[in-house]
*Asks:* 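Take a look at this one; I'll ask things after.
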Protein chains: 2
Amino acid sequence: MCPARSKFPAPKTLSRRPRDSGDRTSDTIDHAALEHLLGFAIARADVHIRAAFQASIGDPFQLRPAEFSLLMLLLTNKAATQARLSEALAMSAPNLTTLVDRLVVRGLVERVRSEQDRRAQQLCLTTAGLDLASRAHALSTTMEDASLSGLCPAERAMLLELLHRVGTPRPV
Amino acid sequence: MCPARSKFPAPKTLSRRPRDSGDRTSDTIDHAALEHLLGFAIARADVHIRAAFQASIGDPFQLRPAEFSLLMLLLTNKAATQARLSEALAMSAPNLTTLVDRLVVRGLVERVRSEQDRRAQQLCLTTAGLDLASRAHALSTTMEDASLSGLCPAERAMLLELLHRVGTPRPV
DNA sequence: TATTGTTATACTCTATAACTATA
DNA sequence: TATAGTTATAGAGTATAACAATA
C-alpha cells in the first residue's frame, strides 16, 4: 500500500481465447505477448485493489494511498522520524514533506523536534489522527475481500508470500 | 505491464522482526499494520519489476511502460482500433492519443482510417516498429528473471495465475 | 563534511470537458 | 442520438537541485 508506483497500463478484462493465427482484426484484443509478464499481471490486479481501497478508505476518509500508509506506520511506530518514514514509504523527502503538511493541516499528525537530534522531525498521531487511523485500519482488514473472493485463504496467503519474496530479492 | 496505475508508496526493504510492544522509537520501521494488505505487497513487488523493465527495455529502447505494452499488443493484433486498445490498456482515449502521437513521430506506428468505419483509426506497426517491438518482446521474456530468482518455475507460474484471478473477478 | 528537512520546480501519468466527424 | 478520436487542461505522483539548520 505504499511504495512509489509506476504506470503500466493494464486491461480491465482479458481475452482468453485459444491461440489462433495471430493476424486478426477481430472485436477483442489478444494479450498473448504480455501474459508472461509479472509486471502486466501486477498492473491488472492493481486496478482492482486500488478501486477497493478508494471505495473503503480513500473516499470515506479522504485519504490517499500514501497518506493511509503513513498513518498505518505511525500506529506501530510512534514518533518515527521523517527520514526513516521516507525510506519505509519509498518516498523522497521533499514529497514526504508536502504529504505531512497536508496531514498536519488536517490535525491528524504533529511534528515534534527530536531531543537527541535537533535536525530530525518526529511524527506523532494526534488524538484525532489516532482515531481516524484506527478506524481506517479496521476497515483495511476486509477491504480487499471482494477482489480476493476468487481465492481460498491458503491461496491468498500464498499470494502474499510470493509477492513478498519478489519484493525482497535475495532472502539469503 | 499495461493498466493505469496508482500510487501506493511501498518500502524498499521490510523489517521482519518478531512483534514486540509496538511502542518503539527504534532505528527500523515496523510494517505490521500494512503486511496483511495485497495492495501493499503489490506495491513492494512493483518497485523491483519496474526497475527491471526500465533497465532491460525502458532505457535501451526509450520506451515507457504503456508504449511498450501498446507495441506488444500490436504484435498480435494488427490494425487494432484505438478504441479497443484504449480499453485493453485501461487508458483513456485522450491519453492514448498523445501516446500514439509520440510513436507516430518516432516512425514506429501508423494511423490508418478504417474502411468499414471512417471514424475509427487503426494502428499498424511500421517496419521499424515491428523490428523494435520484436526485439523488445524477446528481451521481455527474461527481464524479470532477476526479480523472480527467489521463486522456482512452479511458484512463478502460481504467482501469475493467482494475480490473474485477482485481475479478473468472478471467473464464474 | 554529512545529514535532516524544506522550498521550488519540472516532468510524468491520470482524468475530464468540449469539440469534430462520422455512424 | 451515439460513438471514435482529438484538443486542452487540471490534478496527482514523482524526481532533483538548492538551501538552512544541525550533527
Side-chain angles (χ1 to χ4, degrees), chain A residues 1-10 12 27 43 46-47 50-51 53-54 58-59 62-70 79-102 104 109-123, chain B residues 1-10 12 27 43 46-47 50-51 53-54 58 62-70 79-102 104-105 109-123:
Chain A
M1 233 62 198
C2 200
R5 306 299 277 290
S6 74
K7 284 86 224 288
F8 272 106
K12 293 148 186 161
D27 54 332
D46 199 41
V47 170
R50 284 191 299 113
F53 169 84
Q54 200 58 34
D59 289 336
Q62 282 298 294
L63 284 179
R64 303 175 189 182
E67 295 170 345
F68 164 77
S69 297
L70 176 62
T81 250
Q82 284 189 202
R84 286 194 293 118
L85 291 166
S86 169
E87 180 189 4
L89 295 169
M91 176 177 303
S92 69
N95 293 335
L96 179 59
T97 291
T98 66
L99 186 160
V100 171
D101 286 345
R102 289 196 299 268
V104 168
V109 163
E110 283 177 342
R111 274 189 256 241
V112 181
R113 278 279 166 212
S114 167
E115 295 293 331
Q116 297 81 5
D117 185 341
R118 301 294 298 166
R119 296 171 301 180
Q121 296 273 29
Q122 295 178 320
L123 299 188
Chain B
M1 236 61 199
C2 199
R5 306 300 277 291
S6 75
K7 283 87 225 289
F8 271 107
K12 292 148 187 164
D27 55 332
D46 199 41
V47 170
R50 284 191 300 112
F53 169 84
Q54 201 59 35
Q62 282 299 293
L63 283 179
R64 303 174 189 183
E67 295 170 344
F68 165 76
S69 297
L70 176 62
T81 251
Q82 284 189 203
R84 287 194 290 117
L85 291 166
S86 168
E87 180 189 4
L89 295 169
M91 176 177 303
S92 68
N95 293 335
L96 179 59
T97 291
T98 66
L99 186 158
V100 171
D101 285 345
R102 289 196 299 268
V104 167
V105 166
V109 163
E110 284 178 342
R111 274 188 257 241
V112 180
R113 278 279 166 212
S114 167
E115 295 293 329
Q116 296 82 6
D117 185 341
R118 301 294 300 166
R119 297 172 300 180
Q121 296 271 29
Q122 295 177 321
L123 299 188

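All of these numbers come straight from a predicted model, not from anything done at the bench. Residue numbers start from 1 in every chain, and the chains themselves are labelled A, B, ... in the order their sequence lines are given, proteins ahead of strands.
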*Asks:* Can you tell me how far C1' of D/dG13 sits from CG of A/L99, to the nearest Å?
*Replies:*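 Computing the A/L99:CG to D/dG13:C1' distance gives 11 Å.
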*Asks:* Tell me the interatomic distance from B/L85, atom CG, to D/dT3, atom P, rounded to whole angstroms.
*Replies:*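 Taking CG of B/L85 and P of D/dT3, I get 19 Å after rounding.
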*Asks:* Tell me if a side-chain donor or acceptor on A/R113 pairs with a main-chain N or O of A/R119 at a distance below 3.5 Å.
*Replies:*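 Yes: the side chain of A/R113 pairs with the backbone of A/R119.
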*Asks:* To the nearest Å, give me how far apart CZ (A/R50) and P (C/dC13) are.
*Replies:*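 Interatomic distance, CZ of A/R50 to P of C/dC13: 14 Å.
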*Asks:* Which part of the nucleic acid, if any, lies within reach of A/A83 when heavy atoms closer than 4.0 Å are counted: base, sugar-phosphate only, or nothing?
*Replies:*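 Sugar-phosphate only.
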*Asks:* In this structure, how many angstroms lie between the P atom of D/dA12 and the CG atom of A/D59, rounded?
*Replies:*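 Interatomic distance, CG of A/D59 to P of D/dA12: 13 Å.
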*Asks:* If I take atom CG from residue B/L85 and atom CE from residue B/M91, how far apart are they, to the nearest 0.5 angstrom?
*Replies:*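 B/L85 CG to B/M91 CE: 10.0 Å, rounded to 0.5 Å.
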*Asks:* Kindly give the atom pairs (protein nitrogen or oxygen, nucleotide nitrogen or oxygen) under 3.5 Å for nucleotides 9-11 of chain D.
*Replies:*
none

*Asks:* Is a donor from one side chain sitting under 3.5 angstrom from an acceptor on the other, for B/S92 and B/N95?
*Replies:*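 Their side chains do contain a donor-acceptor pair, which is all the 3.5 Å distance test asks for.
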*Asks:* Can a donor-acceptor pair be found, under 3.5 Å and without considering hydrogens, that links the side chain of A/E87 to the backbone of A/R84?
*Replies:*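 Side chain of A/E87 to backbone of A/R84, a donor-acceptor pair under 3.5 Å: no, none is there.
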*Asks:* Could you tell me the separation between the CE atom of B/M91 and the C1' atom of C/dC13, rounded to a whole number of Å?
*Replies:*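 Computing the B/M91:CE to C/dC13:C1' distance gives 9 Å.
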*Asks:* What contact category does B/A93 fall into here, base, sugar-phosphate, or nothing, at under 4.0 angstrom with non-hydrogen atoms?
*Replies:*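 If one applies the 4.0 Å heavy-atom cut-off, B/A93 turns out to touch a base.
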*Asks:* Separation of A/D101 atom CG from C/dT7 atom P, in whole Å?
*Replies:*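 The distance from CG of A/D101 to P of C/dT7 comes to 6 Å, rounded to the nearest Å.
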*Asks:* Can you list everything that forms a salt bridge (Lys or Arg N to Asp or Glu O under 4.0 Å) with A/R102? Sequence neighbours excluded, please.
*Replies:*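 Result, salt bridge (Lys or Arg N to Asp or Glu O under 4.0 Å) vs A/R102: A/E67.
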*Asks:* What's the CG-P distance between B/L96 and C/dT14, to the nearest Å?
*Replies:*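 Distance check: B/L96 CG to C/dT14 P gives 12 Å.
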*Asks:* Taking only residues two or more places apart in sequence or in another chain, which ones pass salt bridge (Lys or Arg N to Asp or Glu O under 4.0 Å) with A/R118?
*Replies:*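 Here no residue qualifies.
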*Asks:* Could you tell me whether the phosphate oxygens of D/dG5, OP1 or OP2, come under 4.0 Å of any side-chain nitrogen or oxygen in B/T97?
*Replies:*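 Answer is no, no contact under 4.0 Å.
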*Asks:* Can you give me the closest heavy-atom contact between B/L96 and B/S86, atom names plus distance?
*Replies:*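 The pair with the smallest heavy-atom distance is CD2-N, 3.6 Å.
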*Asks:* With the criterion being N/O to N/O and under 3.5 Å, what pairs connect the protein with nucleotides 19-23 of chain C, and how long is each?
*Replies:*
{"residue": "C/dA23", "atom": "OP1", "partner": "B/R118", "partner atom": "N", "Å": "2.9"}

*Asks:* Name all residues meeting the side-chain hydrogen bond (donor to acceptor under 3.5 Å, both in side chains) criterion together with A/Q82; count only those two or more places apart in sequence or in a different chain, and write none if there are none.
*Replies:*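 side-chain hydrogen bond (donor to acceptor under 3.5 Å, both in side chains) check on A/Q82 returns A/R111.
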*Asks:* Check this one for me: any side-chain N or O of A/Q82 less than 4.0 Å away from OP1 or OP2 of C/dT6?
*Replies:*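 Yes, within the criterion.
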*Asks:* Look at the side chain of A/R111 and decide which nucleotide, out of C/dT16, C/dT6, C/dC13, has an atom nearest to it.
*Replies:*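 Nearest to the side-chain atoms of A/R111, counting from C-beta on, is C/dT6.
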*Asks:* If you find the nucleotide of DNA chain D closest to B/Q121 and the one closest to A/R102, which residue's nucleotide is nearer the 5' end?
*Replies:*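 Between the two, 5'-proximity favours B/Q121.
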*Asks:* For B/S114, which residues count as a side-chain contact (heavy atoms from CB on, under 4.5 Å) partner, sequence neighbours excluded?
*Replies:*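 With sequence neighbours excluded, B/S114 shows a side-chain contact (heavy atoms from CB on, under 4.5 Å) to B/Q116, B/D117, B/A120, B/Q122, given in chain and number order.
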*Asks:* What integer distance in Å separates A/R84:CZ from C/dT3:P?
*Replies:*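 One finds 16 Å between P of C/dT3 and CZ of A/R84, rounded.
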